[in-house]
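Structure first, commentary second.
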Amino acid sequence: MHIAYHVSLIGIVVFPGSNCDRDIYHVLKNIMHVDVEFIWHKREDLNCYYDAIVIPGGFAYADRLRAGIIAAFSPVMQAVKRLARDGVPVIGICNGFQILVESGLLPGAFMRNDSLTFTCRWTMLRLNVNGSRTPFTLLLKKGTRLNIPVANQEGKYYVDDDTLKEMEKNEQIVFKYEDNPNGSLYDIAGVCNAEGNVLGMMPHPERACEMILAPSSSTNLSTNTGYGDGILIFRSLIEYLQGKQKVSI
Amino acid sequence: MDGMPVYRINVLIENKPYISDPEGDTIRKDLVVKGGYHNVKSIRVAKMLKVEVEANSAEDAKDTVRRMCEDLRLYNPVLSVCKIVESGL
């Protein structure tokens, strides 16, 4: 039997200074074969065109004042906030994570890495919640290890004790580093909102989707299939969107 | 122009005292103490914004700057504290 899916459309927000937007476009378009569009930061109205939103890494507005803060006040982020409130999946990667935090869509704050330097290296993450907690982890089991690189200077996640306890109770601490590269509190590499539809992660899954980019230490389930571990994040999202379409048909 | 005076207000943004400041620590440990200033016990790095505001009084000017800092999150309240002081005309 053939099931026809509505075609999902994923939007990638582009700020002046975004620099991972095209990597994500490549993964979604050429590997995942889904429809994808860039969204310029001046757009105020995203209506219901997009089934999911990606906020890519980079240095939006040159990280002036504080990473993510100026982007957080941009017109497009007001529209993204409305979509997030409606339950649309939103993922922020690296600078995108910083933007989600500064927008108030995710708790916490970012500080300069303990090393004080820009840190670009492969890290090992562990899924700290059940995969069904977010649309971006749907295909993963709790405890799954993912080999994905970080590239940041302000990647040290911080949150106060009370919020941390609450986040732990609500299963919002999605990814933890096995080899904390920046001094993040509680080894936090990625968190979601209480509802689970908004995920922020410091490591770059889009840089770990193809075997030509992935190191030999990627010994996960995905390596047998010719892809790097990062692909599982995007596959999970597509699976989630297709599941929603099936329900709505 | 309505001829209101301009006030110079400084906004000092620094991490809360219990939050570590590796940059300040590095400056102290690797530059200042090694350079012989053993009596320097702490250095904290802060960011300062020098703001000029048209206002009727210094209090009004500080009030505008305070609201600006809160509304537009010029500092992140999770991490930082923000001091607003008049620097004089």
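- Counting only residues at least two apart or on different chains, the side-chain hydrogen bond (donor to acceptor under 3.5 Å, both in side chains) pairs with a member in residues 29-41 of chain B are B:Asp30-B:Lys34.
- If you measure heavy-atom distances from B:Asp21 to chain A, you find no contacts under 4.5 Å at all.
- For A:Leu65, the parts lying under 4.5 angstrom from a heavy atom of chain B are both the backbone and the side chain.
- Taking the six-membered ring wherever Trp is involved, the centroid distance between the rings of A:Phe110 and A:Tyr158 does not fall below 6.0 Å.
- Contact annotation: the side chain of A:Phe15 never approaches that of A:Asn95 to less than 4.5 Å [non-hydrogen atoms, C-beta and beyond].
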With a cut-off of 3.5 Å and sequence neighbours excluded, list every side-chain donor-acceptor pair involving residues 189-200 of chain A.
residue, atom, partner, partner atom, Å
A:Asn193, OD1, A:Gly196, N, 2.8
A:Asn193, OD1, A:Asn197, N, 3.1
A:Asn193, OD1, A:Val198, N, 3.1
A:Asn193, ND2, A:Glu195, OE1, 3.2
A:Asn193, ND2, A:Asn197, OD1, 2.9
A:Asn197, ND2, A:Ala84, O, 2.8
A:Asn197, ND2, A:Val88, O, 3.0

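- Side-chain contact, A:Tyr186 with A:Glu168: a donor N or O sits under 3.5 Å from an acceptor N or O.
- Annotation: residues 67-76 of chain B contacts chain A through B:Asp71, B:Leu72, B:Arg73, B:Leu74, B:Tyr75, B:Asn76 [non-hydrogen atoms, separation under 4.5 Å].
- For A:Arg66, the salt bridge (Lys or Arg N to Asp or Glu O under 4.0 Å) test picks out A:Glu102, with sequence neighbours left out.
- Proximity to chain A is absent for every atom of B:Ser80, based on heavy atoms less than 4.5 angstrom apart.
- Side-chain polar atoms of A:Asn180 and A:Asp187 form a donor-acceptor pair below 3.5 angstrom.
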